[in-house]
Amino acid sequence: MQQKIRFQIEGMTCQACASRIEKVLNKKDFVESAGVNFASEEAQVTFDDSKTSVADIAKIIEKTGYGAKEKTEDTLPQPEAEHHIGWRLWLLFAINIPFLIGMAGMMIGRHDWMIPPVWQFVLASIVQLWLAIPFYKSAWASIKGGLANMDVLVTIGTVSIYLYSVYMLFFSPHAAHGMAHVYFEVGVMVIGFVSLGKFLEHRTKKSSLNSLGLLLKLTPTQVNVQREGEWRQLPIDQVQIGDLIRANHGERIAADGIIESGSGWADESHLTGESNPEEKKAGGKVLAGALMTEGSVVYRATQLGSQTLLGDMMNALSEAQGSKAPIARVADKAAAVFVPAVVGIALLTFIATWLIKGDWTLALMHAVAVLVIACPCALGLATPAAIMVGMGKAVKHGIWFKDAAAMEEAAYVDAVVLDKTGTLTEGKPQVAAVYCVPDSGFDEDALYCIAAAVEQNAAHPLARAIVSAAQARGLEIPAAQNAQTVVGAGITAEVEGAGLVKAGKAEFAELTLPKFSDGVWDIASIVAVSVDNKPIGAFALADALKADTAEAIGRLKKHGIDVYIMSGDNQGTVEYVAKQLGIAHAFGNMSPRDKAAEVQKLKAAGKTVAMVGDGINDAPALAAANVSFAMKGGADVAEHTASATLMQHSVNQLADALSVSRATLKNIKQNLFFAFFYNILGIPLAALGFLNPVIAGAAMAASSVSVLGNALRLKRVKID
């Protein structure tokens, strides 16, 4: 049986590390697929659990030289510890100071500012023989794993320049005359700059890029819980399902629950993206993380931790941020051969410079500069860094993408297919007219009773409207047995005192409607009813457009996106709605198979199609589309099939999702351009001697941080 597992990976220093783990895992016959995200430091593995275990996969990862810790959905992601500058980095800074002063002096002709060579040797030895050990360990583990990473480049470069300087200071013919040319400052400063770059990169990845930290802060650490008849302040981890919890004005809800008493207003924008507070009163629901902006409520906890909607969102976001977008393959392929290629270029630079200039010292400096200017990290971070920020921005607007591939695909969408009921309309239709077949023996009340008996077994909005209307009339709804749904047609059941009842489309109930003077029948959704295959009547149900639907359609058109309505309702109703919204493509009377087939036609015509729906009948079309969106709270199969979930039941959120995706893809392309341009420009400059190793080391450290900084700009991008 196929199983998917996630691991937190420890010890990766660049994209080459991630590529190595992927390569090792994907070679195993029991692994269907494995992807490693360098930015989120996470691996996602799909494997056959009849052939191996999670523990065995963790051991495989550990044998490649990295730590692996299983991540599950049973517990919420944990808050990251504060990332402070450690003693090692502070000591590196302190050792770098005299070298920085000395280099500044040389730039203005004051060579006497540099400390004596012997002291340079002492400080450089502390760095190379002690503080640089993490680089050596990482480089050795990488080489043992069969793939060289960034630390291999740093190690080769700094050790080479250190050994050269030791030789020149103690063993060269010039040493006895005090004229030895040493370059201890190069190794010290490269190690210092690269270490600083790694620290800044790690801190940015763990805090600024990842939106999980902000979500974790939404759950209070202490809550007021009623125990043994009195209110107590307890830690959140001591709360149990069924406990009564009190939330006052300005406090956050700790668990999903049902309000027992009190009232107020709660801000649930962290889940829905909707900034307007929701009114809360007895019998209503509260969601973990919501902020009580007014009033006070006492609620009974029904879901805790990872089982809450907030917990589900955090786990979904964590998994989505850890996935890889298809565009990342470009950087992955480059990173796989990057380090060996750079080592080869450095060796050629050394040989060519020595032959041309006749100075092997200069040749060594040029070769070291090539080694330390190269940065596979910038390539590795280009895509996942933007994806992490983009995912966080999407969640902030109430959009949950299942993975990075879905977000990338959404950026290319140029055709949107919309269901009508519950997507464009409120999804809360009301009975607008009733027709009873003459001489059928059933009046309106009887028609309502029989129809409601069957429809109470269905989840469709039209069914709920008929049941609600019957209840509003005070009618006693008879029992129904053996209810069966005929997808795309209707529902049947044995109704006590009546017989076999069918409720659904007119043809399903074998009803031919007469011509009505009331125009509502031309634009309404029709639910016809028959008893023992004899039609007895029908309901006309009208459904109002959502308030923001017209605005959303305008936003989609603004970006050149073709909009289609595909609905199971009659053609007249669908065309009426399409005319109101200015949509040129309207298809009615469509079965689930018809919708899926039409989506396939659009794809065959070269369109990148997004499908939006919320019902069981939308699932085939959702699966057929390039990228699909389900409304939260709709049919489970629709949510399971879709590529993303919209929390607000609004087409405006679809427009938001496509906008965020386009901005994210644009940012990825900018990052990739910068990363490739940096290396394409930097390596030749270093090889030709225009960059010394110290400047090269600083540039290499800055390149990764620059890519991360560009990704963070996504947080400020306006959605249009």
Side-chain angles (χ1 to χ4, degrees), residues 419-422 425-516 518-544 567-570 572-574 588-589 591-592 614-617 634-635:
D419 180 41
K420 181 181 74 68
T421 305
T425 63
E426 292 287 353
K428 298 177 182 178
Q430 296 180 341
V431 177
V434 181
Y435 167 69
C436 294
V437 174
D439 302 324
S440 66
F442 293 88
D443 59 14
E444 277 196 16
D445 283 352
L447 181 61
Y448 268 110
C449 286
I450 290 174
V454 177
E455 295 287 24
Q456 64 186 350
N457 296 287
H460 196 279
L462 298 179
R464 291 196 294 266
I466 292 173
V467 174
S468 297
Q471 292 171 339
R473 284 174 168 243
L475 300 174
E476 184 176 344
I477 301 174
Q481 296 179 338
N482 303 322
Q484 294 183 354
T485 298
V486 180
V487 177
I491 186 170
T492 67
E494 294 283 347
V495 177
E496 184 180 337
L500 177 64
V501 177
K502 292 182 179 180
K505 290 184 175 181
E507 56 268 27
F508 179 64
E510 300 180 43
L511 173 64
T512 301
L513 288 169
K515 291 292 183 181
F516 295 101
D518 187 350
V520 70
W521 289 91
D522 294 327
I523 58 94
S525 298
I526 308 299
V527 175
V529 183
S530 70
V531 175
D532 293 331
N533 295 319
K534 293 182 180 180
I536 64 170
F539 298 90
L541 297 105
D543 190 7
S567 175
D569 279 349
N570 66 71
T573 301
V574 178
N589 297 313
S591 68
D614 64 348
I616 294 174
N617 60 331

Taking the side chain as every heavy atom from C-beta outward, state whether [X] and [Y] have any atom pair closer than 4.5 Å.
| X | Y | result |
| --- | --- | --- |
| Val495 | Val531 | no |
| Leu447 | Tyr435 | no |
| Cys449 | Pro478 | yes |
| Lys502 | Val486 | no |
| Thr492 | Phe508 | yes |

Enter the distance from [X]:[atom1] to [Y]:[atom2] here, rounded to the nearest 0.5 Å.
| X | Y | atom1 | atom2 | value |
| --- | --- | --- | --- | --- |
| Ser440 | Asp443 | OG | CG | 8.5 Å |
| Leu511 | Leu513 | CG | CG | 4.5 Å |
| Glu444 | Phe539 | CD | CZ | 8.0 Å |
| Glu507 | Ile526 | CD | CD1 | 11.0 Å |
| Leu541 | Arg464 | CG | CZ | 12.0 Å |
| Ile450 | Ile536 | CD1 | CD1 | 4.5 Å |

Exercise for the section: For Glu494, look at atom CD and say whether over 12 heavy atoms of other residues, nucleotides or ligands are found less than 6.0 Å away. Expected result: yes

Practice task
Assess whether atom CD of Glu496 is packed by more than 12 heavy atoms of other residues, nucleotides or ligands within 6.0 Å.
Solution key: no

Practice task
Evaluate the side chain to side chain contact (heavy atoms under 4.5 Å, CB included) criterion for residues Tyr448 and Val434: first the C-alpha distance (whole Å), next the side-chain angles of each, then the deciding distance (0.1 Å), finally the verdict.
Solution key: CA-CA 9 Å; Tyr448 268 110; Val434 181; 3.5 Å; yes

Which heavy atom in [X] sits nearest to a heavy atom in [Y], and how many Å separate them?
| X | Y | result |
| --- | --- | --- |
| Pro592 | Gly488 | CD-CA, 4.0 Å |
| Ala451 | Val529 | CB-CG2, 3.9 Å |
| Ala498 | Asp532 | O-OD2, 3.8 Å |
| Gly588 | Val574 | CA-CG2, 3.8 Å |
| Ala528 | Ala506 | CB-CA, 3.7 Å |
| Ser567 | Asp419 | CA-OD1, 4.2 Å |

Exercise for the section: Evaluate the ring planes of Trp521 and Phe516, with Trp represented by its six-membered ring, and classify them as parallel (under 30°), tilted (30 to 60°) or perpendicular (over 60°). Expected result: parallel

Handout entry: By ring-ring contact (aromatic ring centres under 6.0 Å, His included) - contacts of Phe442 (at least two apart)
Key = none

